[in-house]
Number of protein chains: 2
Amino acid sequence: MNLLGRAEELVLLAVWKLGDDAYCVPIKKHLVKTTGKDWVFGAVYAPLERLEKKGLLQSSLGDPTPERGGKRKRIYKLTKAGVKALIEVKKVEKAMWDNISEGVLEKLL
Amino acid sequence: MNLLGRAEELVLLAVWKLGDDAYCVPIKKHLVKTTGKDWVFGAVYAPLERLEKKGLLQSSLGDPTPERGGKRKRIYKLTKAGVKALIEVKKVEKAMWDNISEGVLEKLL
DNA sequence: GCAATAAAATCTATTTTGTAGAGAAAATTG
DNA sequence: CAATTTTCTCTACAAAATAGATTTTATTGC
């Protein structure tokens with residue numbers, strides 16, 4: 001079937017949203033805040049690595065910052081392939097959700 | 001993190017859409033047609049089984065039909081838990097996609 | 001220069017999901 | 001009751017997600 005996995009999608013979106021600040025820690029933070037779910041490190045890191053390997057993300061080491069301590073940040077950026085993958089998953093979701101609003105679902109409860 | 005997997009979500013949606021005709025074969029057909037992707041049997045069957053085990057779907061054997069041949073159909077139906085899971089995944093997706101239209105993405109290509 | 005501390009990345013092991021397609025089971029028809 | 005058809009079920013495998021511990025690297029104050 002070969003669509004983005006759930007975590008992959010959400011991680012890509014977080015990277016997009018964070019722009020130049022898209023490294024592991026804020027990505028995790030954004031995911032926790034926006035999804036309302038717990039995200040452990042591995043659940044962020046593994047998709048990031050995979051997505052880079054697949055060419056949907058590209059990373060580079062950030063400059064040392066004036067803040068205290070820490071390894072150099074690894075900053076992620078969407079590639080065109082990444083953007084395309086997001087567009088595709090969105091399209092599929094839209095087709096499958098066609099005519100199903102949350103309201104419709106809630107009536108079933 | 002614990003959200004519906006992609007296939008799980010799409011299978012649930014197919015079941016909802018098909019109503020009383022929600023058994024493996026039309027579910028697969030609907031998925032192929034609506035997603036534009038290939039779905040082999042295992043990719044439909046495995047999520048169906050798992051979703052039932054988790055209580056998001058409930059199945060029952062259909063009546064023998066006037067059509068030719070075949071084992072009795074196993075008809076699937078969303079449970080309340082299934083509906084809730086769909087509502088939840090939708091909510092999360094919405095939050096994460098907030099302000100990102102396909103148009104915005106396409107400009108990045 | 002060096003110890004303490006902090007920020008961040010990376011790793012390992014495991015579980016859960018998804019993929020692929022072969023093959024078995026049950027129903028109908030001639 | 002054999003042939004055919006429809007449908008389900010199974011097995012083996014690959015990929016993705018989870019969990020949290022550990023390591024690495026940088027800064028600051030001594």
Separation of atom [atom1] in [X] from atom [atom2] in [N], rounded to whole Å:
X	N	atom1	atom2	answer
A/K73	C/dT10	NZ	P	14 Å
A/L12	D/dA16	CG	P	12 Å
B/L61	C/dA26	CG	P	11 Å
B/K28	D/dT9	NZ	P	16 Å
B/R72	D/dC8	CZ	P	12 Å
A/E49	C/dC11	CD	C1'	9 Å

I'd like to check the side chain to side chain donor-acceptor pair (under 3.5 Å) partners of B/E106; sequence neighbours left out, ordered by chain and number. none

Counting distance only, does the side-chain N/O of A/T34 pair as donor-acceptor with the main-chain N or O of B/A95 below 3.5 Å?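 No, because the side chain of A/T34 does not come within donor-acceptor range (under 3.5 Å) of the backbone of B/A95.
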
Measure from the side-chain N and O atoms of A/R72 to the backbone N and O of A/G62, and report whether any donor-acceptor pair falls under 3.5 Å.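 Checked: pair present.
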
Side-chain N,O (A/R74) to OP1/OP2 (C/dT10) below 4.0 Å: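 Looking at the OP1 and OP2 atoms of C/dT10, one of them is under 4.0 Å from a side-chain N or O of A/R74.
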
Of all heavy-atom pairs between B/L18 and B/H30, which one has the smallest distance, and what is that distance?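 Closest approach of B/L18 to B/H30, heavy atoms only: CD1-CB, 4.2 Å.
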
Contact pattern, 5' to 3', of nucleotides 13-24 of chain C - B, S or - by protein heavy atom under 4.0 Å: ----BBBBB---

Partner of A/R6 under salt bridge (Lys or Arg N to Asp or Glu O under 4.0 Å), chosen from B/E88, B/E8, B/E93: B/E93

Taking the side chain as every heavy atom from C-beta outward, state whether B/V44 and B/C24 have any atom pair closer than 4.5 Å.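 In short, these two side chains touch, coming nearer than 4.5 Å.
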
